[in-house]
There are 2 protein chains.
Amino acid sequence: MDKSTTKQRLLDVAEKLFADSGYHCTSLRKITAEAGVNLASVSYHFGSKEALVEAIFERRLRPLNEERLGRLEAVRADAAAAGRKPTAEEALRAFIEPTLRFRDSAPGARYFLHLIGRALTEPDDAVRSIFFRMVGPLFALLFEVLTETLPNLSRNQVFWRLNFAIGAISRCTFLPEKLPVVPPGVELEPSPDLQIDMLVGFLVAGMEAS
Amino acid sequence: MDKSTTKQRLLDVAEKLFADSGYHCTSLRKITAEAGVNLASVSYHFGSKEALVEAIFERRLRPLNEERLGRLEAVRADAAAAGRKPTAEEALRAFIEPTLRFRDSAPGARYFLHLIGRALTEPDDAVRSIFFRMVGPLFALLFEVLTETLPNLSRNQVFWRLNFAIGAISRCTFLPEKLPVVPPGVELEPSPDLQIDMLVGFLVAGMEAS
DNA sequence: GTCTATAGATTGATAGAC
DNA sequence: GTCTATCAATCTATAGAC
């Protein structure tokens, strides 16, 4: 017997279905049917489908972003206290570790990670705007820290390398069944720590390339 | 006066609108209205909306894939003829150069590039399958060449590094107005050759990281 | 807060005249 | 090949009883 409230169940089910099939392919009827609640409850609790997806982002992304911002600011402060610049590895780990460890942090968090991996390329302008508005300040800070970290690179180069890194990271937030067909002998869902090491090794080398 | 045939115009306009707003947010009515043709002409010429998007992929992706496959096989053959393994840079350039130069190769090609950048994360299973089916053999060959190129890495490591690279490359196929908000002083649409150099420098370093 | 019922709009697809 | 007209299904959102 599921004792959670209607509002909770809507958030949980919608998060999973939006991740699985995307925003537009998931109707409110599918969500309310799978949640076992009435169709009209979406309007009552959230107001609209768009407000529902915004509430989903709000619930998970706000604490995740606060953790990443805090880590980034700590990296900056620690380096300053030691009278040096942060390293690219410190900056990247501050962003990547909370992101990839988020997957196992709560039931349903894996679906949300898939959702934000797709949000970068979301076709719906309103939905993409919700996401960009919430991650914009974080990206801006990461960009600033990386420009300090890599003084040999132009701002343009840092921007594009950060963009490459974002694309690489987003490939780790996808549910394994959504990846392209893969060769045998490959671990489709590595542990977060292994994935972090693979990513950081790859990205630090790319970021620091001459 | 546009003298191209109805079928051509449907392909051109649908490619642009699918790139701009995604498959599900673009109705056949929007497409036929902008193309200045009758709604029923989609059924007549293609049969369905899904067959239309498949024809779009077929038209552009088939020649692009043949070029990339040919370049990859040439890299392999040239190295074998010289009695050595291909380098990671050769393998990556064989994939990346045709991809990014494709943008300016024909009117509308830029929209198609945006479309395949989004196809990796396409929520609609049928549409994503069309794309994966067409690029599957190419990814498989690229994976094989990279495993030969990087004998120190496990197949798992090569797979994930290739996955990271695909994610990074996909950030270069996007139309600039779809990128997240960017800092001032950044070139949103670099020339293909500059973008290739930035990408290859970044990815070769990442691929060869110890 | 939850429900039924339905409004109001839009969609992909097609039948059939020309 | 092109057109009009329309079907049947789907969608989000809401009014109003309980």
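Taking CZ of B:F18 as the reference point, atom CD of B:E122 lies at 9.5 Å (rounded to 0.5 Å). Note that the CG atom of A:L92 and the CG atom of A:L142 stand 7.0 Å from one another [nearest 0.5 Å].
In this structure, A:K7 atom NZ and C:dT2 atom P are separated by 11 Å, rounded to whole Å. In this structure, A:E50 atom CD and D:dC11 atom P are separated by 18 Å, rounded to whole Å. For the pair A:N38 CG and C:dT2 P, the computed distance is 9 Å after rounding to whole Å. One can place CG of A:L52 at 15 Å from P of D:dC11, the figure rounded to the nearest angstrom. With rounding to whole Å, B:I31 atom CD1 is found 17 Å from C:dT10 atom P. At whole-Å resolution of the value, CZ in B:F46 and C1' in C:dT14 are 18 Å apart.
For A:Y111, the OH atom is loosely surrounded, since the number of other residues' heavy atoms within 6.0 Å does not exceed 12.
Picking from D:dG1, C:dG1, D:dA5 the nucleotide with the shortest atom distance to the side chain of B:Y44 gives D:dG1. In this structure, of D:dC3, C:dT11, D:dT14, it is C:dT11 that holds the atom nearest to the side chain of B:R29. The side chain of A:L39 approaches D:dA13 more closely than any other nucleotide in the set C:dT4, C:dG12, D:dA13. The side chain of A:A40 has C:dT4 as its nearest neighbour among C:dT4, C:dG12, D:dG1. Of the candidates C:dT2, D:dT14, C:dA13, the closest approach to any side-chain atom of B:S43 belongs to C:dA13.
Here the options are B:R68, B:E67, B:R62, the test is side chain to side chain donor-acceptor pair (under 3.5 Å), and the partner is B:N65; only B:R68 passes.
Side chains of A:S41 and A:T6: no donor on one and acceptor on the other come within 3.5 Å.
Of the residues in residues 17-28 of chain B, those placing a heavy atom less than 4.0 Å from an atom of DNA chain C are B:T26, B:S27, B:L28, in numerical order.
Residues A:E144 and A:R76 are not paired through a salt bridge, judged by the lack of any N-O separation under 4.0 Å between the basic side chain and the carboxylate. Look at A:R71 and A:D78 and you find no salt bridge, because none of the NZ, NE, NH1 or NH2 atoms lies under 4.0 Å from a carboxylate O.
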